Amino acid sequence: MASISVQSNDFDISEEIAALKKDNNDVGAIVTFTGTVRDIGGTLRTMTLEHYPGMTEKELARIASVAEERWPLLGCRVIHRYGTLKPGENIVLVITLSAHREAAFKAAEFLMDFLKSNAPFWKKEQTNEDNRWVASKQSDASALDRWKK
Amino acid sequence: MASISVQSNDFDISEEIAALKKDNNDVGAIVTFTGTVRDIGGTLRTMTLEHYPGMTEKELARIASVAEERWPLLGCRVIHRYGTLKPGENIVLVITLSAHREAAFKAAEFLMDFLKSNAPFWKKEQTNEDNRWVASKQSDASALDRWKK
Amino acid sequence: MIIKYFSWIREGVGTAEESLAKPGSVTTVSDLLDHLSGVSEQHSVALKERVFIKVAVNHVHVRHDTVIGDGDEIAIFPPVTGG
Amino acid sequence: MIIKYFSWIREGVGTAEESLAKPGSVTTVSDLLDHLSGVSEQHSVALKERVFIKVAVNHVHVRHDTVIGDGDEIAIFPPVTGG
């Protein structure tokens, strides 16, 4: 069962790994993905993440359960922040644990690809000039194709 | 330029990420891979990693430089431990930073695949019954094929 | 039914949430979007480009031809951009 | 030339390192392995299965047909198993 958090506060990757792995010595491979606030050209002041309370955690849990059916995971953690973040701050964390590296890598990539296209979050950037909603990327939709069996 | 360490002591993933990312706000994606000592069946007492001082760091740096040529990385770190480790302990850490997730994921997978087949380390397991050198896996050699252009 | 709006659709419509009794003309999500577009000029503009309108019914992503009921929570939002 | 052995080849040969002047019969890595196999029964057994014998010359992985010189550091080891 994956552990899911939707929170405004930051996370610590080492602590999250330790909490997930505990003393499970069947684990041989741990993959983490961290997404951070980019500031292209140094004009970003803040980024605000809106989400859909009620749906967000359910949708993240659903995506994680698909990953857990598809790969032999020994642990799975998803944390996604909401609220107002500064450039460089953490947005999202995915951790996958498995006996071997391939399952851990593939499951983490899968989780991120589906999270990008399905988790109900919307980013708004506040720059020195204006505020604008971030547009969705065709590349994120295309990324789902490679997971079709 | 990747940062390479071959060391007997442990590492902290959060600290390593922070040292690598600093205040680079072009970074949007951070992938880490951690390999840990597995204990299949609860019979392992310790695992000893022998390596080839003089060659090991050079070979890891060479692998990292190939990854850096192939993907637009904003940071790359490889730490590999040697000496005697207990079940559950960390063996290896790879960190890749990039603007986007695909480059970070692919480069980390590539690094691990090539490290597994080329970095001069050899594992010996000490169990309650005997001491034995770990055999190389055909799957690790096969893993290299997917990176052929 | 409860209608929730998010992101620039929320800003366009001018409210985060509204409730209405399901009109007789509404069977599917698509019918609801047609109905809501008639509510105000703001609704009409915000809901115009249907290819950018994503919908969840009771917290589950659905297609526009999905049949909806009076007790449903319908969320209307643009393509997601988290992660 | 300096010869270094690692892992079970080191244990089989019984030493981690030895040095020798390149014999006249030795041009390639393969020739060297043939020569070393004649040094002792332990060498012969440890170096028998050539498919499991990997070689690095001056810290770079090479094939068995690589030409070597008297000043080279030659490392002989089984397939690596780190990571």
Side-chain angles (χ1 to χ4, degrees), chain B residues 6 33-38 47-63 66 78-83 85 90-94 108-125 130-144, chain D residues 1-20 22 28-30 32-33 36-37 42-83:
Chain B
V6 180
F33 176 87
T34 311
T36 56
V37 180
R38 294 180 68 212
M47 169 179 281
T48 303
L49 273 144
E50 179 176 337
H51 79 114
Y52 180 3
M55 176 167 172
T56 312
E57 295 202 20
K58 279 185 205 168
E59 185 62 18
L60 293 173
R62 189 191 64 78
I63 296 166
V66 175
V78 180
I79 305 177
H80 203 302
R81 298 177 70 190
Y82 61 86
L85 306 176
N90 293 324
I91 300 170
V92 62
L93 174 65
V94 161
E109 277 193 89
F110 174 93
L111 283 165
M112 281 309 303
D113 281 353
F114 277 77
L115 185 157
K116 279 269 180 185
S117 283
N118 290 301
F121 287 94
W122 300 271
K123 286 174 181 160
K124 191 172 191 177
E125 292 179 341
D130 59 2
N131 301 336
R132 57 180 175 236
W133 291 97
V134 172
S136 64
K137 287 193 291 184
Q138 181 54 42
S139 61
D140 285 330
S142 309
L144 301 187
Chain D
M1 56 200 350
I2 293 170
I3 319 289
K4 295 194 173 196
Y5 302 102
F6 293 95
S7 183
W8 52 260
I9 295 179
R10 171 179 54 72
E11 291 181 342
V13 169
T15 184
E17 186 172 331
E18 56 190 334
S19 64
L20 78 165
K22 187 168 80 71
T28 66
V29 165
S30 189
L32 177 66
L33 293 172
L36 292 170
S37 294
Q42 286 172 298
H43 282 75
S44 173
V45 170
L47 301 175
K48 195 169 182 182
E49 296 289 346
R50 293 293 163 90
V51 70
F52 294 122
I53 308 292
K54 304 293 181 182
V55 175
V57 174
N58 300 326
H59 305 138
V60 176
H61 292 285
V62 299
R63 291 161 32 140
H64 287 198
D65 59 3
T66 301
V67 173
I68 52 178
D70 203 22
D72 288 338
E73 176 174 312
I74 318 286
I76 299 173
F77 46 78
V80 303
T81 56

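Below, each value reflects all heavy atoms present in this structure, side chains not excepted, and no hydrogens, waters or symmetry copies. Note that the structure is predicted; figures quoted are calculated from it, not measured. Proteins come first, then strands; the chains are lettered A, B, ... in the order of their sequence lines, and each starts at number 1.
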query = When you look at NZ of B:Lys123, are more than 12 heavy atoms from neighbouring residues, nucleotides or ligands closer to it than 6.0 Å?
reply =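 Yes, the 6.0 Å shell around NZ holds more than 12 heavy atoms from other groups.
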request  = Could you have a look at B:Arg81, B:His51, B:Met55 and say which one has the most heavy-atom pairs with chain D under 4.5 angstrom?
outcome  =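 Looking at each of B:Arg81, B:His51, B:Met55 in turn, B:Met55 comes out on top.
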inquiry  = Please rank D:Val60, D:Thr81, D:Asn58 by heavy-atom pairs under 4.5 Å with chain B and give me the top one.
reply    =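 Counting heavy-atom pairs under 4.5 Å, the top option is D:Thr81.
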query = How are the rings of D:Phe6 and B:Trp122 set to each other: parallel, tilted or perpendicular (split at 30° and 60°)?
reply =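 If you compare the ring of D:Phe6 with that of B:Trp122, the planes turn out parallel.
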With a 4.5 angstrom heavy-atom cut-off, could you sort out which part of [X] is near chain D: side chain, backbone, both or neither?
{"X": "B:Asp140", "value": "neither"}
{"X": "B:Ala141", "value": "neither"}
{"X": "B:Lys124", "value": "side chain"}

ask   = With D:His59, which of B:Arg62, B:Glu59, B:Lys58 fulfils side chain to side chain donor-acceptor pair (under 3.5 Å)?
value =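 Passing option: B:Lys58.
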request  = Please report the shortest heavy-atom distance between B:Asn118 and D:Val80, naming the atom on each side.
outcome  =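 Answer, listing the atom of B:Asn118 first, then D:Val80: N-CG2, 3.7 Å.
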key: D:Lys4, part contacting chain B, at a heavy-atom distance under 4.5 Å   =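 Contact with chain B is through the side chain of D:Lys4 alone.
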